[in-house]
There are 2 protein chains.
Amino acid sequence: MKSSEKTFTAIVETAYRMFSEYGIAKTTYSMIAEEVGISKPSIYYYFKSKEELINYIFEEVCKAIEFSAFFTLKNFTKDNFKDELVAVGFRMIEEQAKDKHFNRVIQEYLLLASRNKKYIQRFEMVQQEFLVGFEDLLKRGSDLGVTSSVNVHAKAHMLAMILDNIGNFMLLDVKIDYKQVWIEAVATIIRDEV
Amino acid sequence: MKSSEKTFTAIVETAYRMFSEYGIAKTTYSMIAEEVGISKPSIYYYFKSKEELINYIFEEVCKAIEFSAFFTLKNFTKDNFKDELVAVGFRMIEEQAKDKHFNRVIQEYLLLASRNKKYIQRFEMVQQEFLVGFEDLLKRGSDLGVTSSVNVHAKAHMLAMILDNIGNFMLLDVKIDYKQVWIEAVATIIRDEV
DNA sequence: GTCTATAAAAAGATAGAC
DNA sequence: GTCTATCTTTTTATAGAC
């Protein structure tokens, strides 16, 4: 890795961490520069404005939370459907618990997006992909005969909401057995009578 | 209402709206003063620092989201249990949809709380009250024979998460039939075999 | 690529007149 | 209570040397 790439990476990673610790608005080039160990104007060589840095990290975050990063429809079969659904949820919960900055940065950008047309569209894409992804999944489950075929729409949205909000609860360190909640949620969409 | 009370109220309401529109960090005394139509130093007569203003609005918001502000355990009977639960959820959804600033300000404070011991305790109280509230409710439902008595804990947390996250989804204007999702969620905790 | 120096604007906050 | 004037600090950002 070239020296300039190293600096670039250091800036991005430091900014990401500081966005989490202090918030995007309160993170300054001075703070980042000091932490990285370079001068403040040096950052302008890589990101010509703070907004550009914010945009860059936003795109990184979006890529990390795409539905396809977690779910592969083909992996779900009649026999493993419930277990696979539980497992994928567990994987997401673990990922979120592992990176303590992740949820906070997401929430930061969620607020930014709610105020800024530039971000909102990209975020809605991700959100929509999740809703449609879950719906396709439940339709497949219904075709396979393992999930109920009524109210697939609302049930899919319910699952998306629960998974999505686990991150929100983690923010406050709420002492919940998130995996148990997910098991419970999955159970409600699985056909009992098989 | 005295003139000073009017100014006080104007400052608080303007700040609340601006916290939503621009975020807490990016809302300045200058902006508030201009909007209210007073000078910047005048605000210091009512709130001796920006932090004090932030604290005040935080407490207002906390009062508005207490579990007891929505749920009254005694109102739930064997006959109306499901309908009452659905109705209370609807009321919360409507309240959130009515005040477009509400969800954003909550999210702002959620992030603040996740970084600040002073806020986190108060917020955890509210959050905890909600979790325990739902649990008590489901226990009552179980005693009345209308809800399942297994996994009451996880089921209660699931309901809390769904209701809580509706606000999050509203932030992005996600086109979801929130009421239908809530109906679906309530249905999953109601005993089918009566 | 990274630095020093510096500009321009705006922040939070106070002093003190009225 | 509300104002004008002002202070201090910090911000984003640029110019230009090395």
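Naming convention: chains lettered A, B, ... in sequence-line order (proteins, then strands); numbering from 1 in each chain. The shown structure was predicted, so the numbers you read here are calculated from the model rather than taken from an experiment.
Using a 4.0 Å cut-off between charged nitrogen and carboxylate oxygen, R122(B) and E66(B) count as a salt-bridge pair. Using a 4.0 Å cut-off between charged nitrogen and carboxylate oxygen, K118(B) and E51(B) count as a salt-bridge pair. A salt bridge is defined here as a Lys NZ or Arg NE, NH1 or NH2 lying under 4.0 Å from an Asp or Glu carboxylate O, and E35(A) with R17(A) meets this definition.
Taking atom CD of residue E51(B) and atom P of nucleotide dA11(C), one finds them 18 Å apart after rounding to whole Å. Taking atom OH of Y44(A) as the reference point, atom P of dT11(D) lies 11 Å away to the nearest angstrom. Rounded to whole angstrom, the span from the CD atom of E5(A) across to the C1' atom of dG1(C) amounts to 13 Å. Rounded to whole Å, the distance from CZ on F47(A) to P on dG1(C) is 14 Å. Distance K6(A) NZ to dT2(C) P: 11 Å, rounded to the nearest Å. Between the P atom of dA13(D) and the NZ atom of K50(A) lies a distance of 9 Å, rounded to the nearest Å. Distance CD1 (I43(A)) to P (dT12(D)): 9 Å, rounded to an integer number of Å.
Contacts between residues 16-41 of chain B and DNA chain D, defined by a heavy-atom separation under 4.0 Å, are made by I38(B), S39(B), P41(B).
Nearest nucleotide to the side chain of T7(B), out of dT2(D), dG1(D), dG1(C): dT2(D).
For K48(B) (side chain) and Y46(B) (main-chain N/O), no donor-acceptor pair under 3.5 Å exists by modelled atom type.
The aromatic ring centroids of F123(A) and Y119(A) lie 6.0 Å or more from each other.
For the 3.5 Å distance criterion, the side chains of T7(A) and S4(A) fail to qualify, holding no donor opposite an acceptor.
Residue S42(B) places no side-chain N or O under 4.0 Å from the OP1 or OP2 atom of dG1(D). Distances shorter than 4.0 Å separate some side-chain N or O of Y46(B) from OP1 or OP2 on dT2(D).
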